[in-house]
Protein chains: 2
Amino acid sequence: MLFASKTPTESEIVYLLKEHEINPTYQRVLIARLLFVGRTHVAAEDVFRAVNKDSPNVSKATVYNTLGLLAQKGVIREVIADPDRVFYDPNTSPHHHIYDEISGELTDIDAKEVSVTNLPALPDDVELQGVDIVIRVRRNRKK
Amino acid sequence: MLFASKTPTESEIVYLLKEHEINPTYQRVLIARLLFVGRTHVAAEDVFRAVNKDSPNVSKATVYNTLGLLAQKGVIREVIADPDRVFYDPNTSPHHHIYDEISGELTDIDAKEVSVTNLPALPDDVELQGVDIVIRVRRNRKK
DNA sequence: GCGGCGGTTTATACTTACTCTAAATGCTCT
DNA sequence: AGAGCATTTAGAGTAAGTATAAACCGCCGC
């Protein structure tokens, strides 16, 4: 488990950022904390709204920059499943996703539940970044 | 193999569209033919440019509508792998993709080369649309 | 304290992929 | 011809994300 409690303290977040060589500024801690408290898949727009709910705290540019930085440093993970927006996932352990094409909702699947075998060998100059499995689904409206 | 030759004739395309309950209009045939001649992953923008290369033939709206229609009817397949644009893939046989995060390039992998097992059972009201595997990769620039 | 400096944040304008709308066009049937 | 329906069109609109240039912040040497 990444944190002792489900809702990490500010200092736990500061530590997490430092661990990943990220300077823990006010805005970055605010955003990261929000991600790890909610522990859900969020889009940049969600973060922007949540972070500025009461008073204007963080600009749009900083939200995008911070999410990009966190993803690049491996603190969170980008999920490309919705053609309209990128989701960010605080769960970086190996897992995959179910994507509801109607609602846009994303759900986790533990990597243990799915196995991928026989990945093709990659050329030397090609570095594997990750394997994403998206199970696309439509939940029928109840009749 | 879908077509006898690598470059399907107009009448082969017309037949393909009719088979999928698509009224084979001038624009749709033009676009579909282009897809099946190139047989590569293309974005809507590519199609728009190619189709209007010499003279203005098809409007932007029609390009998007047609690609959407072809995908919906199963003639081609949408690939969500690049956060910036949707790709369309004329190869509808079961296969997956390697996505180069640097160049944005997509490459096919035959489904036989990868196997997914233990897909989780889905609730009754949920209909499986498909399973997409994207192998994210970075090709290092040659030193 | 003060000036400078790199890193960070900001407002705002911009880009880009894609969608919407309402009018025009075309096709078919009588 | 003309009614009725499907299709296409130009152009405006939307929304996610990026670029830019100025302001700000923390820190270090003086």
Side-chain angles (χ1 to χ4, degrees), chain A residues 13-14 17-18 20-34 41-52 55-73 75-89 99 101-102 104 106, chain B residues 13-14 17-18 20-34 41-52 55-73 75-76 78-89 99 101-104 106:
Chain A
I13 293 290
V14 168
L17 296 187
K18 282 182 176 166
H20 286 85
E21 301 177 310
I22 297 175
N23 193 353
T25 65
Y26 170 74
Q27 291 86 339
R28 289 170 182 173
V29 173
L30 201 62
I31 290 172
R33 198 173 180 192
L34 195 137
H41 307 90
V42 288
E45 176 65 17
D46 304 328
V47 174
F48 181 71
R49 252 184 294 108
V51 128
N52 295 315
S55 52
N57 289 309
V58 186
S59 72
K60 199 174 63 149
T62 299
V63 170
Y64 278 96
N65 289 340
T66 300
L67 290 173
L69 183 67
L70 294 174
Q72 184 202 313
K73 297 287 190 179
V75 180
I76 59 178
R77 179 171 151 189
E78 262 183 3
V79 183
I80 314 291
D82 187 309
D84 286 348
R85 54 195 157 297
V86 174
F87 284 103
Y88 293 90
D89 190 344
Y99 171 62
E101 295 185 345
I102 305 296
L106 270 185
Chain B
I13 293 290
V14 168
L17 295 186
K18 282 183 176 165
H20 287 84
E21 300 177 311
I22 296 174
N23 193 355
T25 64
Y26 169 74
Q27 291 85 340
R28 288 169 183 174
V29 173
L30 201 62
I31 290 171
R33 198 173 180 194
L34 194 138
H41 307 90
V42 288
E45 175 65 16
D46 304 327
V47 173
F48 181 71
R49 253 185 293 107
V51 128
N52 295 315
S55 53
N57 288 308
V58 185
S59 72
K60 199 174 59 151
T62 298
V63 170
Y64 278 96
N65 288 341
T66 300
L67 290 172
L69 183 66
L70 293 174
Q72 184 201 315
K73 297 288 191 177
V75 181
I76 60 178
E78 261 181 5
V79 183
I80 315 291
D82 187 310
D84 285 348
R85 54 194 160 295
V86 175
F87 284 103
Y88 294 90
D89 189 344
Y99 172 61
E101 295 184 347
I102 305 296
S103 68
L106 271 185

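Chain identifiers are assigned alphabetically (A, B, ...) following the order of the sequence lines, protein sequences preceding nucleic acid strands; residue numbering begins at 1 within each chain.
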> Once you round to the nearest 0.5 Å, how far does CZ of A:Arg33 lie from CG of A:Leu17?
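Between atom CZ of A:Arg33 and atom CG of A:Leu17 there are 12.0 Å.
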
> Nearest whole angstrom, please: distance from the C1' of C:dT19 to the CG of B:Leu69.
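Taking atom C1' of C:dT19 as the reference, CG of B:Leu69 is at 16 Å.
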
> For the pair made of CZ in B:Phe48 and P in C:dT16, what is the distance, rounded to whole Å?
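These atoms are roughly 15 Å apart.
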
> Reading DNA chain D from 5' onward, which residue's closest nucleotide shows up sooner: B:Tyr26 or A:Val86?
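First, find each residue's nearest nucleotide; the 5'-ward one identifies B:Tyr26.
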
> When rounded to the nearest 0.5 angstrom, what is the spacing between CG in A:Asn57 and CG in A:Leu30?
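It is 6.0 Å, given to the nearest 0.5 Å.
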
> Going through the checks in order, is the side-chain contact (heavy atoms from CB on, under 4.5 Å) test met by A:Tyr88 and A:Glu78?
CA-CA 5 Å; A:Tyr88 293 90; A:Glu78 262 183 3; 3.4 Å; yes

> Show, in sequence, the C-alpha distance, side-chain angles and deciding distance for A:Asp82 and B:Ile80, and conclude whether the side-chain contact (heavy atoms from CB on, under 4.5 Å) test is met.
CA-CA 7 Å; A:Asp82 187 309; B:Ile80 315 291; over 6 Å; no

> Shortest non-hydrogen contact from B:His41 to B:Leu106?
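Closest pair (atom of B:His41, atom of B:Leu106, distance): ND1-O, 3.5 Å.
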
> Within residues 56-65 of chain A, which residues have any heavy atom lying less than 4.0 Å from an atom of DNA chain D?
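A:Lys60, A:Ala61, A:Tyr64 - these, ordered by number, are the residues of the stretch whose heavy atoms sit under 4.0 Å from the strand.
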
> For B:Leu67 and D:dT8, give me the distance from atom CG to atom C1', rounded to whole Å.
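Rounded to the whole Å, the gap is 15 Å.
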
> Are A:Arg28 and C:dT8 close enough that a side-chain N or O sits under 4.0 Å from OP1 or OP2?
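Yes, A:Arg28 has a side-chain N/O under 4.0 Å of OP1/OP2 on C:dT8.
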
> Please report, rounded to the nearest Å, how far the P atom of D:dG17 is from the CD1 atom of A:Ile80.
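These atoms are roughly 9 Å apart.
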
> Could you state the atom-to-atom distance from CD of A:Glu78 to P of D:dA16 in whole Å?
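The distance from CD of A:Glu78 to P of D:dA16 comes to 16 Å, rounded to the nearest Å.
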
> Just how far, in rounded Å, is P of D:dG17 from CD of A:Gln72?
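Roughly 17 Å, once rounded to whole Å.
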
> Between C:dG7 and A:Thr25, is there an OP1 or OP2 to side-chain N/O distance shorter than 4.0 Å?
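For C:dG7, OP1/OP2 do not have a side-chain N/O of A:Thr25 under 4.0 Å.
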
> If I take atom CG in residue B:Asp84 and atom P in nucleotide D:dT18, what distance separates them, rounded to the nearest angstrom?
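Computing the B:Asp84:CG to D:dT18:P distance gives 7 Å.
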
> Give, for atom CD1 of B:Ile22 and atom CD1 of B:Ile13, the distance between the pair rounded to the nearest 0.5 Å.
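One finds 11.0 Å between CD1 of B:Ile22 and CD1 of B:Ile13.
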
> Passes side-chain contact (heavy atoms from CB on, under 4.5 Å), A:Asn52 versus A:Val58? Steps please.
CA-CA 7 Å; A:Asn52 295 315; A:Val58 186; 4.3 Å; yes

> Roughly how many Å is it from NZ in A:Lys73 to C1' in C:dT8, rounded to a whole number?
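To the nearest whole Å, that distance equals 14 Å.
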
